[in-house]
Amino acid sequence: MVQELLTALAITGVASLLYLAAAARVVRQYERGVVLRFGRLRGQVRGPGFAMIVPVVDSMHKVNMQIVTMPVPAQDGITRDNVTVRVDAVIYFKVVDPVDAIIRVEDYRFAVSQMAQTSLRSILGKSDLDELLSNREKLNQGLELMMDSPAVEWGVTIDRVEIKDVSLPETMKRSMARQAEADRERRARIINADAELQASKKLAEAAAVMSDQPAALQLRLLQTVVAVAAEKNSTLVLPFPVELLRFLERATPPQPGPQPAAPEVALPRPLMAGEPPPGSSAPDGNSPALPDGKPESALTSKAA
């Protein structure tokens with residue numbers, strides 16, 4: 001009799017342990033438990049900690065309440081200005097109502113993924129290429145608004161959406177590179193022309209000052225010589241303008257004392273008609289005749 005009682009107690013203890021093992025549930029801090037009894041929602045959502053359910057009768061679904069990071073597969077689309085692009089993104093979301101996430105949608109993760117892909121294609125068709133490349137913050141906000149409205153019914157809230165990469169065709173990349181190069185060259189030419197204009201104005205002002213003050217030109221010349229000599233060249237070419245000579249001539253004071261008189265130069269006396277030139281004589285007293293028969297004195301008088 002005692003043995004049968006002990007056996008019954010042992011069987012009861014084993015059954016209790018098996019029941020406890022089948023009914024016991026542990027809900028983690030970042031999870032919530034939704035209990036369904038015969039397919040119907042029962043009671044409140046189970047919080048973190050130890051929880052008991054009825055085996056076979058009840059079933060518990062644990063829902064993760066953490067923020068989920070889900071990559072969106074790359075989508076091919078055509079922008080509003082007819083450019084083919086390939087864009088991928090990442091979405092951050094979390095469950096705020098575990099009951100709606102279990103009851104209202106079959107698989108909330110798959111639903112959010114598909115909604116993100118369709119929203120990304122839709123936003124591509126409404127945007128220009130320049131806006132897609134330079135104004136991503138506005139597109140991210142538009143994606144978040146498009147996805148947040150239907151996700152609320154599933155007990156999910158969209159934390160943020162980020163466009164990661166925009167892939168362009170090679171031809172478009174080359175065209176954009178040429179455009180950027182041409183724009184930079186245009187700006188460089190404008191800056192260079194503006195610098196030339198400012199330099200010419202300053203040079204005109206400097207020329208006006210130097211024309212009023214000749215000494216400024218000499219100082220500038222000396223500065224140029226110093227700058228050239230600083231390069232340690234073996235040959236130094238020094239320009240010597242005429243203005244420097246004039247400046248030195250004006251700056252030189254006159255010498256005191258009597259000035260030496262200029263030597264007198266005797267001018268030749270004009271020959272008279274029939275008079276022989278000095279140092280020449282004819283044995284017969286007449287002027288020598290030239291080959292053409294004219295006397296030399298006539299030619300000399302004409303020359304005189």
ILVMFWY cluster, Tyr30 and Val63 together (side-chain gap under 4.5 Å): no
Trace of the salt bridge (Lys or Arg N to Asp or Glu O under 4.0 Å) decision for Arg160 with Glu162: CA-CA 7 Å; Arg160 63 184 307 168; Glu162 296 286 344; 2.4 Å; yes
Sidechain-backbone polar pair: Ser211 side chain, Ala208 backbone, donor-acceptor under 3.5 Å: yes
Over all atoms of both residues, closest heavy-atom pair of Val72 and Ala116: CG2-CB, 3.7 Å
Distance (rounded to the nearest 0.5 Å) between Arg86 CZ and Asp76 CG: 4.5 Å
Short N-O contact, Lys201 and Glu205, less than 4.0 angstrom: no
Test side chain to side chain contact (heavy atoms under 4.5 Å, CB included) applied to Ala207 - qualifying residues, sequence neighbours left out: none
Side-chain touch Ser127/Leu139, heavy atoms, less than 4.5 angstrom: yes
Side chain proximity check, Arg121 to Ser119, heavy atoms < 4.5 angstrom: no
Within 6.0 Å of CZ in Arg187, more than 12 heavy atoms from elsewhere: yes
Over all atoms of both residues, closest heavy-atom pair of Ala101 and Val95: CB-CG1, 3.8 Å
Asn64 side, atom CG; Lys94 side, atom NZ - distance, nearest 0.5 Å: 12.0 Å
Glu196 backbone acceptor or donor facing Ser200 side chain under 3.5 Å: yes
Short side-chain to backbone donor-acceptor contact, Arg174 and Pro169, under 3.5 Å: no
Test log, rule side-chain contact (heavy atoms from CB on, under 4.5 Å), inputs Tyr92 and Ile158: CA-CA 6 Å; Tyr92 302 88; Ile158 305 299; over 6 Å; no
Within one Ile-Leu-Val-Met-Phe-Trp-Tyr cluster: Leu41 and Val45, side-chain cutoff 4.5 Å: yes
Arg104 atom CZ, over 12 foreign heavy atoms within 6.0 Å: no
Spacing of Ser122 atom OG and Met115 atom CE [to the nearest 0.5 Å]: 12.5 Å
Distance (rounded to the nearest 0.5 Å) between Ile102 CD1 and Arg32 CZ: 13.5 Å
Other residues, nucleotides, ligands: >12 heavy atoms within 6.0 Å of Phe50 CZ: yes
Residues that, via side-chain heavy atoms closer than 4.5 angstrom, fall in one hydrophobic cluster with Val14: Leu18
From CA spacing to verdict: side-chain contact (heavy atoms from CB on, under 4.5 Å), Val166, Leu133: CA-CA 8 Å; Val166 179; Leu133 295 175; 4.0 Å; yes
Donor-acceptor pair, side chain of Asp81 and main chain of Asp128, under 3.5 angstrom: no
Residues, nucleotides or ligands: over 12 heavy atoms within 6.0 Å of Lys164 NZ: yes
Interatomic distance, Gln66 atom CD to Gln29 atom CD [nearest 0.5 angstrom]: 10.5 Å
Polar side-chain atom of Asp97 near backbone of Val99 as donor-acceptor pair, under 3.5 Å: yes
Single-linkage hydrophobic cluster Ile103~Val152, side-chain heavy atoms < 4.5 angstrom: no
Met70-Met65 co-clustered via ILVMFWY side chain contacts under 4.5 Å: yes
Short side-chain to backbone donor-acceptor contact, Asp58 and Val54, under 3.5 Å: yes
Same cluster (ILVMFWY, side-chain, under 4.5 Å), Leu145 and Met147: no
Any Lys138 side-chain heavy atom under 4.5 Å of Glu131 side chain: yes
CE on Met176 to CG on Asp130, rounded to 0.5 Å: 7.0 Å
Under 3.5 Å: donor-acceptor pair, side chain of Asn140, backbone of Arg136: yes
Working for side-chain contact (heavy atoms from CB on, under 4.5 Å), residues Met52 and Arg25: CA-CA 6 Å; Met52 294 289 295; Arg25 296 289 187 273; over 6 Å; no
Stepwise side-chain contact (heavy atoms from CB on, under 4.5 Å) check, Asp159 with Phe93: CA-CA 5 Å; Asp159 189 63; Phe93 68 94; 5.8 Å; no
Neighbour count >12 (heavy atoms, 6.0 Å) for atom CD, Gln223: yes
ILVMFWY cluster membership beyond Ile53 - transitive side-chain contacts under 4.5 angstrom: Val27, Val35, Met60
Shortest non-hydrogen separation from Leu124 to Gln75 and the atoms involved: CD1-O, 4.2 Å
Presence of salt bridge, Glu31 and Arg28, under 4.0 angstrom: yes
